[in-house]
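These notes are about the structure you will find just below.
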Amino acid sequence: MLISGSGSNLQALMDRVEDGTIPGRIVRVISNKADAYGLTRAQEAGIDTLVIDHKAYDSREAFDAALIAAIDADEADLVCLAGFMRVLTGGFVRHYVGRLINVHPSLLPAFPGLKVQQKAIDAGVRFSGCTVHFVEEEVDAGPIIAQAVVPILPDDDASALAGRILKQEHRIYPLAVKLFAEGRLSTRNRTVLVDGQPWEPETAL
Ligand code: 3YE
């Protein structure tokens, strides 16, 4: 699990592992920021942590190589980005093809990138939400696994909207990880498969 911040999605995943919903365990939490509160959450739950500070590396490739070495030492089956704020190299993405996922606080492909809650408000859209997706080299453009919709209310500011979206992230990210842990989630030719079948209303998260 890769984080940079408070780790609220990490907490949601820890909770679903703890209560048996997700048949797996979080082998390690890696942060590129030493002061990320998510590291404290992990330590309190007895999960191994590691700080790999991107500023200690000369290049994006060198940082990503350090990440790969640490992740592969743990033999993790799935790599989850959760509030991890670094763009990963093509080499990193290819190394974990089919087992690298992210959660993003908009209804992709609308509003990729940063400060997306404010962008949704500024655009005047009536609904936003969140997206769990497989990670490809192009940021926020990988195959979509799950989405949830929330309304944008007249008095919303970015923070109020972000809170409403986060609640849904905390619901759908664990659902996607559960499916993966059960061996039911995969991707082929940029299509997401559940139980080996393309998306259908019956299997949609
Ligand atoms: N990398 C690839 N594809 C993806 N990383 C994330 C998703 C994703 C990915 O789909 N290849 C913000 C990145 C956006 C940004 O520009 N970060 C800066 C550093 C800013 C900082 O350290 O605070 C940078 O140079 O990387 C995860 C979400 C990425 C968020």
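Values in this document were obtained by computation on a predicted structure and should not be read as measured data. In listed order, ligands and their atoms are each counted from 1. Nothing fancy with the numbering, it's 1 onward along the sequence.
- With respect to atom 10 (O) of ligand 1, the closest heavy atom belonging to the protein is D140 N, 2.9 Å.
- Numbered from 1 in the order shown, with element, the atoms of ligand 1 that lie under 4.0 Å from a heavy atom of F84 read 27 (C), 28 (C), 29 (C).
- If you check the side chains of D72 and H95, you find a donor sitting under 3.5 Å from an acceptor.
- Closest protein heavy atom to atom 1 (N) of ligand 1: L88 N, 3.0 Å.
- Interface of E136 with ligand 1, defined as ligand atoms under 4.0 Å from a residue heavy atom, comprises 2 (C), 3 (N), 4 (C), 10 (O), 11 (N).
- Heavy-atom proximity to V93, at under 4.0 Å, picks out these atoms of ligand 1: 11 (N).
- Regarding atom 15 (C) of ligand 1, its nearest protein heavy-atom neighbour is M85 O, 3.7 Å.
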Taking it one step at a time, do I165 and S128 satisfy side-chain contact (heavy atoms from CB on, under 4.5 Å)?
CA-CA 8 Å; I165 292 172; S128 188; 4.0 Å; yes
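- What sits closest to atom 26 (O) of ligand 1 on the protein, heavy atoms only, is V87 N, 2.9 Å.
- Numbered from 1 in the order shown, with element, the atoms of ligand 1 that lie under 4.0 Å from a heavy atom of R60 read 24 (C), 25 (O), 26 (O).
- Annotation for ligand 1: atoms under 4.0 Å from non-hydrogen atoms of H133 are 10 (O).
- Between the side chain of D53 and the main chain of K55, a donor-acceptor pair closer than 3.5 Å is present.
- Shortest contact from atom 5 (N) of ligand 1 to any protein heavy atom: R86 O, 2.9 Å.
- By the side chain to side chain contact (heavy atoms under 4.5 Å, CB included) test, R60 pairs with R86, V87, T89, sequence neighbours left out.
- Of the polar atoms of L81, none of the N or O atoms is found under 3.5 Å from an N or O of ligand 1, judged by distance alone.
- In this model, a donor atom of one side chain and an acceptor atom of the other lie less than 3.5 Å apart for T21 and D19.
- Residue E137 has at least one heavy-atom neighbour below 4.0 Å for each of these atoms of ligand 1: 2 (C), 3 (N), 11 (N).
- Proximity of a side-chain donor or acceptor of T131 to a complementary backbone N or O of H104 within less than 3.5 Å is not detected.
- Side-chain atoms of R126 come within 3.5 Å of backbone N or O of G124 as a donor-acceptor pair.
- Residue pairs meeting the ring-ring contact (aromatic ring centres under 6.0 Å, His included) criterion with at least one partner in residues 72-91, sequence neighbours excluded, are absent.
- Scanning the protein heavy atoms around atom 7 (C) of ligand 1, the nearest turns out to be N102 ND2, 3.7 Å.
- Without hydrogens or angle criteria, D157 side chain to A160 main chain gives a donor-acceptor distance under 3.5 Å.
- Nearest protein heavy-atom contact of atom 14 (C) of ligand 1 is L114 CD2, 4.0 Å.
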